[in-house]
Number of protein chains: 2
Amino acid sequence: MAEKIVSSRDAILAAALREFAARGFAGARVETIARAAGINKAMLFYYFSSKEGLYQAVLQEVMAEFFKKVQGLITPPLTPGEFLERFPKLYIELCASNPDFVRLVGFDLIQNPDNICSVMAGIITRMSEFKPHPLFEVIRRWHAQGQISEADPVQFMMNVVALSIFSFIGRPMVEAISGMRVADDGDFYARRVTSVVNVLKRGMLK
Amino acid sequence: MAEKIVSSRDAILAAALREFAARGFAGARVETIARAAGINKAMLFYYFSSKEGLYQAVLQEVMAEFFKKVQGLITPPLTPGEFLERFPKLYIELCASNPDFVRLVGFDLIQNPDNICSVMAGIITRMSEFKPHPLFEVIRRWHAQGQISEADPVQFMMNVVALSIFSFIGRPMVEAISGMRVADDGDFYARRVTSVVNVLKRGMLK
DNA sequence: TGTTATATTAACCATATGGTTAAACCAATC
DNA sequence: GATTGGTTTAACCATATGGTTAATATAACA
């Protein structure tokens with residue numbers, strides 16, 4: 001066969017994402033990643049020069065993919081109402097279908113916020129469309145035109161992202177407090193989207 | 001002197017909280033904890049039989065303290081409006097003054113949700129007042145009486161907790177996207193409380 | 001004072017882990 | 001068929017790490 005189904009490099013990246021997401025950087029074992037990728041441990045150091053290098057590569061790849069998707073959403077001009085409907089939906093569905101992404105970013109956000117910030121900054125810089133980051137200008141304009149009630153774009157985005165992403169990390173916590181087990185069907189996320197969109201629109205739209 | 005300023009046991013617990021919060025379970029070094037606590041490593045295994053045991057003890061202690069405070073808030077009967085004002089305020093201020101708590105719980109939530117769930121369940125069971133967990137009954141009643149718009153108590157609480165806790169974990173992320181550095185003064189949290197309470201009341205109160 | 005239970009330490013130990021190396025394999029190209 | 005350059009592996013290595021032990025200090029107490 002001319003090409004392998006997956007290159008060793010890609011197999012390593014995929015396996016590494018799973019392992020890092022499951023155990024964090026320190027808890028991840030290079031050996032385990034190699035075995036899961038079906039290659040010798042030395043291969044891993046051949047492609048990525050260290051565990052740290054591999055980690056950064058995974059983070060880079062995964063974040064870049066994520067930003068590409070978000071960018072697609074916010075490129076066309078939107079009304080605040082449209083934005084508050086589409087962003088959480090995209091975000092929640094994206095996270096639901098990539099649980100490893102959420103956990104990886106979560107770990108990094110807790111442990112080493114500066115690192116993920118610089119990774120994101122790097123990606124944003126490379127995507128010229130994001131440059132001065134139009135989104136925050138847009139949000140400011142929405143408020144200036146009296147379309148939304150929240151004046152501070154940072155608070156605005158925090159509210160949006162918080163409600164969206166917490167559906168994943170915080171679910172077990174709420175389950176524990178409530179004593180209720182939330183069904184793990186796709187339905188849960190559909191209901192979650194509804195609730196979030198509702199709160200955001202009623203809460204921040206004028 | 002009859003008693004030491006702090007018992008070795010407590011010194012270990014305090015140092016362990018710091019270390020586990022900073023590096024996660026796997027990243028934490030027993031040696032480092034011992035040194036920070038000013039005792040010999042063997043002492044640590046003398047009081048807590050293993051690294052895992054120490055970790056659980058820390059989690060237990062920290063969660064119990066947290067629940068005690070939350071309980072104080074929700075014990076008296078409240079209107080939904082009062083609840084939506086006081087809960088986020090308490091939550092955000094609590095997290096702001098105990099960043100280690102947030103990170104420790106965050107780690108555990110991502111890596112091992114079942115564990116923290118059972119810890120919480122244990123604590124709740126021991127606090128008899130929480131038993132059938134009245135809070136969720138109360139929320140249901142609020143909706144039945146037409147006082148709030150969200151019918152599902154799980155969604156209701158998720159919205160509340162998400163907006164409150166994300167102020168900490170997610171802040172660097174929003175900062176990176178926005179390119180703005182949020183001032184680290186106490187003011188930030190005050191503004192955050194205002195925004196969250198606003199969204200929640202406008203978004204879920206009828 | 002002798003006894004006992006609790007605290008505390010220095011010195012070890014077995015193992016796991018990130019990382020290296022030198023040799024082999026393999027496909028393309030000359 | 002020899003050369004070359006990327007790919008892959010088994011066998012190592014140094015070190016860090018969780019955990020143990022046996023001996024000692026301390027305080028309470030009979």
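Every chain is numbered from 1 and lettered A, B, ... according to where its sequence line falls, protein lines coming before strand lines.
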With the sugar-phosphate defined as primed atoms, P, OP1 and OP2, and the base as all remaining atoms, what B/S/- string results for nucleotides 11-18 of chain D, 5' to 3', for protein heavy atoms under 4.0 Å? ------SB
Output one line per pair: protein atom, nucleotide atom from nucleotides 3-6 of chain C, and distance, for all N/O pairs under 3.5 Å.
none

Checking B/Q56 now: which residues fulfil side-chain contact (heavy atoms from CB on, under 4.5 Å) with it, not counting sequence neighbours? B/E52, B/L59, B/N115, B/V119
Residues in ring pair (Phe, Tyr, Trp, His ring centres under 6.0 Å) with [X], at least two apart?
| X | value |
| --- | --- |
| A/F166 | none |
| B/F101 | B/F66 |
| B/F107 | A/F107 |

Would you say D/dT7 has OP1 or OP2 under 4.0 Å from some side-chain N or O of A/S8? no
What integer distance in Å separates [X]:[atom1] from [N]:[atom2]?
| X | N | atom1 | atom2 | answer |
| --- | --- | --- | --- | --- |
| B/I39 | D/dG19 | CD1 | C1' | 14 Å |
| A/D10 | D/dT7 | CG | P | 12 Å |
| A/M43 | C/dA24 | CE | P | 18 Å |
| B/R35 | C/dA10 | CZ | P | 13 Å |

Carboxylate-amine/guanidinium proximity below 4.0 Å for B/K68 and B/E65: no
Determine all donor-acceptor pairs shorter than 3.5 Å in which one atom belongs to a side chain in residues 9-20 of chain B; sequence neighbours excluded.
from, atom 1, to, atom 2, distance (Å)
B/D10, OD2, B/S7, OG, 3.4
B/E19, OE2, B/R23, NE, 3.4
B/E19, OE2, B/R29, N, 3.0

Residues in side-chain hydrogen bond (donor to acceptor under 3.5 Å, both in side chains) contact with A/K89, at least two apart in sequence or another chain: A/E93
Pairs satisfying side chain to side chain donor-acceptor pair (under 3.5 Å), at least one member in residues 33-42 of chain B, at least two apart: none
